[in-house]
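Residue numbering restarts at 1 for every chain, and letters A, B, ... go by the order of the sequence lines. All values below were derived from every heavy atom in this structure, side-chain atoms included, with hydrogens, water molecules and symmetry-related copies excluded.
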Number of protein chains: 2
Amino acid sequence: MRNDNTANWPQEQCFASFKHCLPVCRESVYSEFFEAFREDIKVKRESAAVKNLKIIFDATFELASKGGFDAMSLRDLSQSTGISMGGLYNYIRSKDMLAQMVNDFLSQRLAPLAYSLNLESGSPRQRLATRLRIYIYMGSLFRPWYRFVYMESKSMARQQRDQAKQFDLVDTAKLKEVIEEGVAAGEMHCANSELTASALLALIQDWYLKSWKYKQNETSTDDYANFLVSLMDKLLADNDQHTHDQTGYNDHSGKNNQ
Amino acid sequence: MRNDNTANWPQEQCFASFKHCLPVCRESVYSEFFEAFREDIKVKRESAAVKNLKIIFDATFELASKGGFDAMSLRDLSQSTGISMGGLYNYIRSKDMLAQMVNDFLSQRLAPLAYSLNLESGSPRQRLATRLRIYIYMGSLFRPWYRFVYMESKSMARQQRDQAKQFDLVDTAKLKEVIEEGVAAGEMHCANSELTASALLALIQDWYLKSWKYKQNETSTDDYANFLVSLMDKLLADNDQHTHDQTGYNDHSGKNNQ
DNA sequence: GGATAAATAGCGAACGCTCGCTCTTTTTTA
DNA sequence: TAAAAAAGAGCGAGCGTTCGCTATTTATCC
């Protein structure tokens, strides 16, 4: 949009520049959503549909974030949205389907949109840093979606549950792959790429799971992304020069007993 | 118990030695539990009570881990345990109280038991490593308890919900405190102790939240604890010698815009 | 272009069902 | 055999869902 220096992702790696280059934003997301679920939604007039979808799903995130999706009744949702029970059912096929729509839209529309952005160019370290930033930025933009899918996937149908685990494994594997490329290129050093990748993913997820904590101590999106990238650099630096049982208590680094 | 070299925690920092020194184990935990909730439990004969408490709570963990606590009905629980509805109510006051018992027992009995073990002696690095190991070992021993409290605290009463957040903040603060002692002693280096502490806590929680993943790639308790301690060492090492924008893309380390 | 008709969207009471929980009866235990 | 524990049918409340109806918007016609 604007032609200032915030619009040149991925050269300028900050949240603002990412937002400018992402072809969807918090405001336009429900237009995409409506399009994705046209055949499930009885309402055909787009203007009203998009407005009410935003009301319904924003309220769902709000209610589900305290008490969980199961504890939220459709009467609660009706009251929060100001839309009657019958009205709600013009937008969803069932309560279960409501949760599934969130899951499917995030995993099939939102996430692919971002993760295909400029991940192929640059050194392994650049690509890994870019990937981490994208995860964090996406988590900031669509935090309620990510939170919901993480917390509620266990309440969903078999297929969605399995898919959620699969995505976790795939994300871990992608991080691991880049790490191993960096190791092969001599740019990184890592004794256990699998666990390192898992740790990075856990820190990505903590960003949207514990947003209350990061809000409380005033950690911004860029703060966290920068922290995570510098953490990554420390984890993957050449550490043979100054470690190995510094001041006491055994310091194993490989596999061990039990 | 046994007099071999696994019984000298915290000098020998492994899971086996920790288990030997902890005054409670997976098998004896429900005796403690019965004692803690004597006045809430109608059944007075200890032998039967302990046996059935184990059956009931183990089944609760199993059922709640798939579908969540809200989705588990007491009829499901009755069927899984082989104990009738009336029978269950000789052990719990209500379904809500069942969840609260798990929360209270973990936070008031189990956790304090371990976290008071030898945390005061040694250098900051030793104490931090020991603390991390304790968290991981406890997470391994009482994984279902930790998982349950993490996932279900949002469904509990106001007091329990607030308490869960409070414990998260307290745990973060304790880690942060030790880090800052290490920094003050010149033993550690850290630009943001708050975020570093948060990250360590997130990795502790990932251990019991994603146990399915770590089981799948055959990561043992000691593997993970060793990995976490070595990660800690890397994060807190003196990193002024080889970082700062290695090969491209800006590498901010402090606070930033937006 | 105003009146009429058709289509769409919203409403909320009512339905069948399952929930947490209670209470009387039966069984087990010492 | 008296006390303790387990059993399971039954209760009312609240759930997700449906459906007949009204209100609103869009299309058609003279």
Closest-nucleotide ordering on DNA chain C, the 5'-leading residue of A:Arg75 and A:Asn90: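 The 5'-side residue here is A:Asn90.
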In terms of the nearest nucleotide of DNA chain D, which residue is placed more toward the 5' end: B:Met85 or B:Arg45?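 In this pair, the answer is B:Arg45.
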Upstream residue (5' side of DNA chain D) when A:Ile92 and B:Tyr91 are each assigned their closest nucleotide: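 So the residue in question is B:Tyr91.
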Which part of the nucleic acid does [X] contact within heavy-atom distance under 4.0 Å: base, sugar-phosphate only, or nothing?
| X | value |
| --- | --- |
| B:Met72 | sugar-phosphate |
| A:Asn52 | sugar-phosphate |
| B:Ser94 | sugar-phosphate |

Taking atom CD of B:Gln159 as the centre, does the number of heavy atoms from other residues, nucleotides or ligands within less than 6.0 Å exceed 12?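 Count not over threshold, so no.
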Around A:Lys44, counting heavy atoms of other residues, nucleotides and ligands shown, do more than 12 lie under 6.0 Å from its NZ?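 Yes, the 6.0 Å shell around NZ holds more than 12 heavy atoms from other groups.
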Report yes if the distance between the aromatic ring centroids of B:Phe105 and B:Trp145 is under 6.0 Å, otherwise no.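 B:Phe105 vs B:Trp145: aromatic centres under 6.0 Å.
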[X] [atom1] to [N] [atom2], straight-line distance once rounded to whole Å:
| X | N | atom1 | atom2 | answer |
| --- | --- | --- | --- | --- |
| A:Leu88 | C:dC11 | CG | P | 9 Å |
| A:Ile41 | C:dG10 | CD1 | P | 11 Å |
| A:Gln79 | C:dC11 | CD | C1' | 15 Å |
| B:Ile83 | C:dG20 | CD1 | P | 16 Å |
| A:Lys51 | C:dA9 | NZ | P | 12 Å |
| A:Asp96 | D:dT17 | CG | P | 6 Å |
| A:Leu74 | C:dC17 | CG | P | 19 Å |
| A:Leu53 | C:dA9 | CG | P | 12 Å |

Write down the atom of A:Leu74, the atom of A:Met85, and the distance for their closest heavy-atom approach.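 In terms of heavy atoms, the two residues are closest at O-SD, 3.6 Å.
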Which of the following nucleotides, C:dC11, C:dG20, D:dA5, is nearest to the side chain of B:Ser73?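 Of C:dC11, C:dG20, D:dA5, C:dG20 is nearest to the side chain of B:Ser73.
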Give a yes/no answer on whether the side chain of B:Lys44 brings an N or O atom under 4.0 Å of OP1 or OP2 in D:dA4.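 Answer no for this pair, as no side-chain N or O of B:Lys44 is under 4.0 Å from OP1 or OP2.
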Is there side-chain contact between B:Leu22 and B:Leu141, with heavy atoms separated by less than 4.5 Å?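 Result yes, sub-4.5 Å side-chain heavy-atom pair found.
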